[in-house]
Structure formats: structure tokens, C-alpha cells
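Everything on this sheet refers to the single structure shown next.
Sequence lines set the chain letters: A, B, ... in the order given, protein chains first and strands last, and positions in each chain run from 1. In what follows, every heavy atom counts, from backbone to side chain, and hydrogens, waters and symmetry copies are set aside.
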Amino acid sequence: MATRILPSHPSALPRTHDPNNNGSGCSRSNNLPVRRKAEDHPVLALLDDHRRLDADGIRRIHARMLRLGLLGHPYSASRLLAACSLSPSADLRYARRVFDHIPAPNLFTWNIIIRAHASAPDPRLALLLFSSLLRHSPHSPDKFTFPFAIKAAAELAALREGAALHAMVAKSPLLRSDVFVLNSLVHLYAACGDSNLSLRVFEKIPERDVVSWNSAITALAQGGRWDEALQLFEEMDGENVRPNDVTMVSVASVCGKKGDLELGKRIHSYIERNDIKQSLILDNALLDMFVKCGSLADAESLFDGMTTKDSISWTTMLVGYAKSGQFDAARRVFDEMPRRDIASWNALISCYEQSGRPKEALDLFHESQHADATPDQVTLVAALSACSQSGALELGCWIHAYMEKNNLELNFHLTTSLIDMYSKCGDVDKALHVFGCVSRRDVFVWSAMIAGLAMHGRGREALDLFEQMQEAKVEPNTVTFTNILCACSHAGLVEEGRLYFSQMLPVYGISPTADHYSCMVDILGRAGRLEEARGYVENMPMPPGASAWGALLGACAVHKNVELGELACKQLLELEPRNHGAYVILSNLYARSGRWDAVAMLRKWMKDSSLKKEAGCSSIEVHGVVHEFLVGDISHPMKEKIYLQLEDMASRLKAAGYVPNRKLVLQDIEDDAKEKALYLHSEKLAIAFGLLRSCSPAPIRITKNLRVCDDCHSVAKLVSGIYNRNIILRDRYRFHHFTGGSCSCMDYW
DNA sequence: AACTCTTGAG
């Protein structure tokens, strides 16, 4: 590869012309007047307007220049080169051939070809060209060459190469004080994620221009140092540098990230008062700022007044509506926009997925396929995440196969999403397979795999993986520890949990957060060490949150400790007065302890306070389509068959001695008004549908948004035995693998 | 003969 893209050594090329002959000698064999210089030839004027030239136009001029013998002349040849590499529709392979045939390229020529590749899809070529300039040409790179080469390094976020270029610059007094070169370096370090280095270069620039300031402000903005970025913007004034439209783009973007509408409006009026040149990019940045600050009204009025709009403008509005829950309006924008690119699709798909509407996200993903929108990595990450949420394993597998078929590169993000999808869709072995196939893993990939093993109750393996992660020298982060503690909790590994928790700060330098404390409460509580768990809650360095009290309440429910349970529930309700789940668990605790009076009282109280609960919903995927069921759902096209199947289930279960557990009807409260609704719980509808539409040995995979109730859990166990079908049920907290009449959670969840 | 900084989806 490297040899193929290197230019031929100039001396290896046939020398048709003597470069020392300064050009005029080449006109011997054609009909140019002898005295005319090559750089004056009228055909060159045709090259002046890059923008209006298309590929054909360039080819024609190229042919004429060949006939005229103009290409042997470095000046005229580079005019052609500039035209074909810098036009908007540049064909760089063509430019490269032109370059390779220029007998003795001068420095200008080298600079043009490096520049063209620096902002092309593969900037590595620019760096390779730069190195062949050093090795194969008599010229040394100058103050024009470096900005292009540094830009290429910035595009690649190639810190090592960038620093090497910086070192070369530092050796030359002329280069190291050149504002263009230094501005490029400010940008380079920012692009490599090092805003400190970036600022250090900025501070050493002798005469900073507006681009210097813009680069530094952007460096701070991208490094998340928003207030410092704004401070720098204020300081420009003091140094008498006038902000321009590019400055304001960065400032607006910072403002959006801070979500500060007050400031946003001040910025907007600053732009108008100071006659900042308006541009499409600036308008888009302002639109985005208003959307991020939550002011759709400001965004709308700006959008309506814009004379030119591109797909970024439209997509920004779309996101504004979708993020505020106005999906109909978002869809309208999507349908109205003149041109949709893949980012527009991604925006809508991601918004659905992030608002907990995975079915809509996947419907839209299917639609994008039919619309011939080629999915990119962002699309696939969003679609995989929607699959994870709804348990759509088949579709997830299809996406995985699609990636392999199209040789899509697995980046860390996609790898993490795939592992997460397989784990959450119940196929943790497939997740392990993906994990084993990738050669490079970052902390998120490792953490996702640990989480996958944890949610399937395979705690030992999760801890083994953590040890391997450290051997691989990947630093764990706060999420890793949440997953490790979660693994300990689901597998009952009390001592291990205690050990890792105690090591967090001293060994790994990670302060335990409220989440980690809650995990410890869960670990100790599940194991029946309620007093110790209570001690953790009471001695947290931060005020205990709902998750800590919730974990304690759950443990009390399992171990039937009414007194402590009531205390935990009271605390929990003080933090979240409308937490429906808290009442459900407390009533569960009362029921298990035989306190039916208290159960009845709670139920009445809940009815009176008209607490709305999250609707229980189970989804099941059959042949790549996700079907959702609510309690007593009659909206499914196959409802008659489903209800017949339910009756069949009921009679066969009854024959096996099953008695519906009416007393626990409050537990999951899919419908607290009708006790008989018990057997219409969404899980049961989904199981019935699964029995109808799929065949052994394929397991029936169901995903439930709430914790599975006692009754559904017993039914699933019985069905797995009576119908000889494996059922894999994911509830809000973990997986249940039902086989031959029993469950992998050992009835402890 | 020319260069450096900017906007939407994750």
C-alpha cells in the first residue's frame, strides 16, 4: 500500500523537459508563438474558476495542455493540479496521476497535493506525501506546507505525528512564529483531545489573530471547559480582536451545551448588534443552541426567517420537537424536509430509542431500509440499542449479520452495543462470542460484558473477566464497578462484593457513588444481613437516595422484615412520593407476612390517591417483528387465537394443580380493579402468543418492563414443563431462564 | 501562486 501511493521518484520519470529551462523551451514542438511564456498561455485562464469546472471540463483542458506540451512546465502543470484537486467535486485519484507525471514538482505543487489530501476522506495520504516530500524532493516544507500537514494530523487525531510536525516547526525561527502554523497546532492538540497543550501553544503566539482566538475557544469548548471558553471570548475584546462569525458559532455551541437560555439570547442579540456576518453555519449553530436551551419558540422563529436551510437546519428542528416529546411534529418536519441524509434518520431513530419507544425506533429503522438509506455506525448503534430495550434478538442478529456482510468496521461503540444487545436479549453466550472475536477492547466493551454476565446471574465469570481486564491494562471506571457489584449481588457473592467495594478508592482511585452504596445495600440485604445493609445506608457520605432505600426495602420484602421495611418505604416515599413500585413492594412484604389487613389498607390508600403506575408491558419478537402486549390487550390481530391458547393454558395448568395466587394480585398491579385480570397479565399473553407462533427447540423470549410477579413466575415455570418449551424472560432487574418446570433465579429475585 | 478556526444524529 505504502509503495503504491508514493509518488514515483521524479528522477525515475522520463525527462521530457529540462526544468532549468524555465518553461519557454517546451513550446518548440507546438504552434505556440516562440516568445510566449507557458504561464501566459490562454488555456490556463480556463483553470482559474475551480468552482465552475466539472470532471469533464478538467479532462478537456488536460488534453489540450498535453497537446500543447504545457504539462512539462512546473508552473502550468501545477495550475492544472490545483484545479483538479481543489474543486468541490475533486477527483483525487485523477489529481494524483497528474501529480505523478509532473517531472520535477516544485514546492507549490507539493503543497497543493498535500493540501488536497489533508481534507479528503483519507488524510493519511497527506502525511505519506509529506514524508515523501522530505525524502524524495530537494525542497524543504515551508510555512504553507505545515498548516496542511498539521491539518491532516488533526483530522486523524494523530498525536504522535502531530507532535513530530510540531518538533520540526520548533527548529525553524521562521516557522515557529508563523501565525498560520501556530493556529494549526492549536487546533491539532484540541483535535487530539488535549486542551491544555492547545492553550500552551495559543499563549505563545506572538501576534494572535481572530483564528488563533477561535481555535483556542473551540479547544476549550470541545474539552468541556465551557466557562473558560466564554471567558476567552470576553478577553478577545481586551486585545482588540473582533469576533467573527466563526467565533460566534463556537460561543453559541458552548451556550447550547450549558443550556443557558438567558445567555443564549444575549449572544443572539450580540450578533445582531455587532453586525457579525451571517452564515448558514452560524444560523444552524444558533438553532441548535435554542433547541438545547429548550426554547422551541426561539428556534422556530429563527428557522422561519432563514432564507437558506440545509439538512442540518431541518434535522436540528426535528430533534427539537422529538426531544420535547412532540413526535408528531418531529415526524412532520422529517416528512417535509427537502433532502434527508442518514443523520436525519439517525436523529429520529435515536430520539425514539432514547425516549423509551424502541418499537417506533425499529419501525423507523425498517422504513429507512426500504427508503434505501444506507445505515452508518450511528444508525446501527441506535437500532441495536432499541433491540436491547425490546428484546428483539432476531433483528439484532440480522443487524450483526448485516455488519459482517458489509465489512463494517466494529468500533468500540458498536462492539459495546452488540454485546449489550445479545446480553439483554437473553443470549449472553453470543455476547461472549462477540467479545472474544474483537482484538481491541476499551473500558466500555469490558464493562458491557461484565454487566451481561451479571444480569444472567453468572457472577463468578463476571469477576474473572474483571481480573482479565486488569491484566489487559484497561483501567476500570465507575460504571465497571457498578457492574461488578451488580454481579456480586445477583450471584450472592457477599465477601467478594465487600472486597471490591473496599478497594475502589484506595486501589483504583474511584470514589464510591450513591449507586455503589446502593449495590452494597442490595448485596448485603439479599443475603439477609439486613442490619449491616441498614448500616451502609445510614453511613453513606452522601444523603441516601431512592435507590439505596429501595434496595433495603426490597431486601426486607424478601426476608420478611416488616418493621425495617416500613422504615425504608417511608424514607423512599419522602424522596419519591409518587413511587408506585414502593407501594407494590411494601404490599408484597405485608402479603408474605400474612398481614392482609395492611394489604387491604394500602390498596385502598393507593386507589384514593389515584397513583398512576407504569403500565406493565411485555414484548416478544417473532420473525423479526416485535409484538407488544399490555394487560388484557385485545388490540392484536390474532387476539382470538391468543385467547383460545390462554384457555388451553389455564386448563392444562389447572390439571397440573395450579391455583392462581389471587392474594398477590397487588404485587405487579397490571390491573388492580379486576382480580381475574391476573391471568391476563401481559407476560401470559406474550407466552400464549409465543406458544402459537414459534416451535421447539427455540426458546420463547419475552421482555417485560416491570418486575415479573409471583403468579406469572409460577405460570412460566409450569408452562416450561407442561409444554416442554424453554422460556427466557427478562424483567426490569434480571433474566429468568425457565426450563423443565424451574427457573434459573431459584425463585429469588 | 496559497494556508489556519465553525453547525445536526452517537
Side-chain angles (χ1 to χ4, degrees), chain A residues 39 44 47-48 74-76 78-79 81-82 86 106-112 114-116 118-119 142-151 154 178-188 190-191 198 201-202 205 208-219 221-222 243-254 256 277 279-289 291-292 309-320 322-323 337 340-354 375-385 411-414 416-417:
Chain A
E39 50 266 59
L44 298 182
L47 292 167
D48 279 345
Y75 177 85
S76 48
S78 35
R79 289 282 297 270
L81 182 66
L86 302 181
N106 60 20
L107 190 52
F108 177 83
T109 314
W110 279 99
N111 289 347
I112 293 285
I114 293 173
R115 172 188 179 186
S119 33
D142 66 357
K143 62 173 187 160
F144 293 105
T145 325
F146 276 99
F148 303 138
I150 293 168
K151 185 194 172 97
D178 184 87
V179 70
F180 284 89
V181 174
L182 292 171
N183 290 347
S184 309
L185 286 170
V186 173
H187 172 66
L188 163 80
S198 192
V201 177
F202 171 74
I205 301 178
R208 298 172 199 149
D209 63 7
V210 65
V211 178
S212 320
W213 288 90
N214 292 349
S215 306
I217 290 172
T218 308
Q222 285 169 355
N244 64 9
D245 53 323
V246 177
T247 322
M248 299 322 291
V249 169
S250 290
V251 171
S253 145
V254 166
K277 186 183 107 201
S279 73
L280 179 57
I281 294 180
L282 181 52
D283 281 344
N284 286 344
L286 289 170
L287 265 188
D288 181 58
M289 174 192 79
V291 162
K292 291 217 165 79
K309 299 164 183 160
D310 62 5
S311 76
I312 294 185
S313 333
W314 287 91
T315 304
T316 305
M317 288 308 292
L318 182 162
V319 168
K323 285 265 159 83
M337 57 196 288
R340 275 179 284 279
D341 57 18
I342 190 63
S344 328
W345 286 96
N346 292 348
L348 199 52
I349 294 174
S350 304
C351 282
Y352 275 124
E353 176 259 307
Q354 282 161 26
D376 64 5
Q377 294 186 332
V378 178
T379 326
L380 298 176
V381 165
L384 284 171
S385 170
N411 61 13
F412 289 143
H413 218 107
L414 264 176
T416 305
S417 299

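Remark: P of B:dG10 and CD1 of A:Ile342 are 13 Å apart, rounded to the nearest angstrom. Taking atom CZ of residue A:Arg340 and atom P of nucleotide B:dA9, one finds them 18 Å apart after rounding to whole Å. Between A:Ile349 atom CD1 and B:dG8 atom C1' the separation is 15 Å, expressed in whole Å. Rounded to whole angstrom, the span from the CG atom of A:Asp341 across to the P atom of B:dG10 amounts to 14 Å. Rounded to whole angstrom, the span from the NE2 atom of A:His413 across to the P atom of B:dA9 amounts to 13 Å. Counting to the nearest Å, the P atom of B:dG8 and the NZ atom of A:Lys323 are 11 Å from each other.
Between A:Gln354 and the phosphate of B:dG10, there is a side-chain N or O to OP1/OP2 separation shorter than 4.0 Å.
Residue contacts for A:Glu353: at a heavy-atom cut-off of 4.0 Å it reaches no nucleic acid atom on any strand shown. Across all strands shown, A:Asp376 has heavy atoms under 4.0 Å from base atoms, whether or not it also approaches the sugar-phosphate.
The side-chain hydrogen bond (donor to acceptor under 3.5 Å, both in side chains) check on A:Thr316 picks up nothing, with sequence neighbours excluded. With sequence neighbours excluded, no residue forms a side-chain hydrogen bond (donor to acceptor under 3.5 Å, both in side chains) with A:Asp283. Residues passing the side-chain contact (heavy atoms from CB on, under 4.5 Å) test with A:Asp341, sequence neighbours excluded: A:Ser311, A:Ala343, A:Ser344. The side-chain hydrogen bond (donor to acceptor under 3.5 Å, both in side chains) test applied to A:Lys151 returns no partner, not counting sequence neighbours. The side-chain hydrogen bond (donor to acceptor under 3.5 Å, both in side chains) check on A:Asn106 picks up A:Thr109, with sequence neighbours excluded.
A donor-acceptor contact under 3.5 Å is formed by the side chain of A:Thr315 with the base of B:dG8. At a cut-off of 3.5 angstrom, the base of B:dG8 holds at least one donor-acceptor pair with the side chain of A:Ser311.
For the atom pair CG of A:Leu318 and OG of A:Ser313, the computed distance is 12.0 Å after rounding to the nearest 0.5 Å.
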Protein-to-nucleotide contact annotation, 5' to 3' order, nucleotides 2-7 of chain B [B base; S sugar-phosphate only; - none; under 4.0 Å, heavy atom]: BBBBBB
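Judged purely by distance below 3.5 Å, without hydrogens or angles, the side chains of A:Asn111 and A:Asp142 pair a donor atom with an acceptor atom.
In this structure, of B:dG10, B:dG8, B:dA9, it is B:dG8 that holds the atom nearest to the side chain of A:Thr316.
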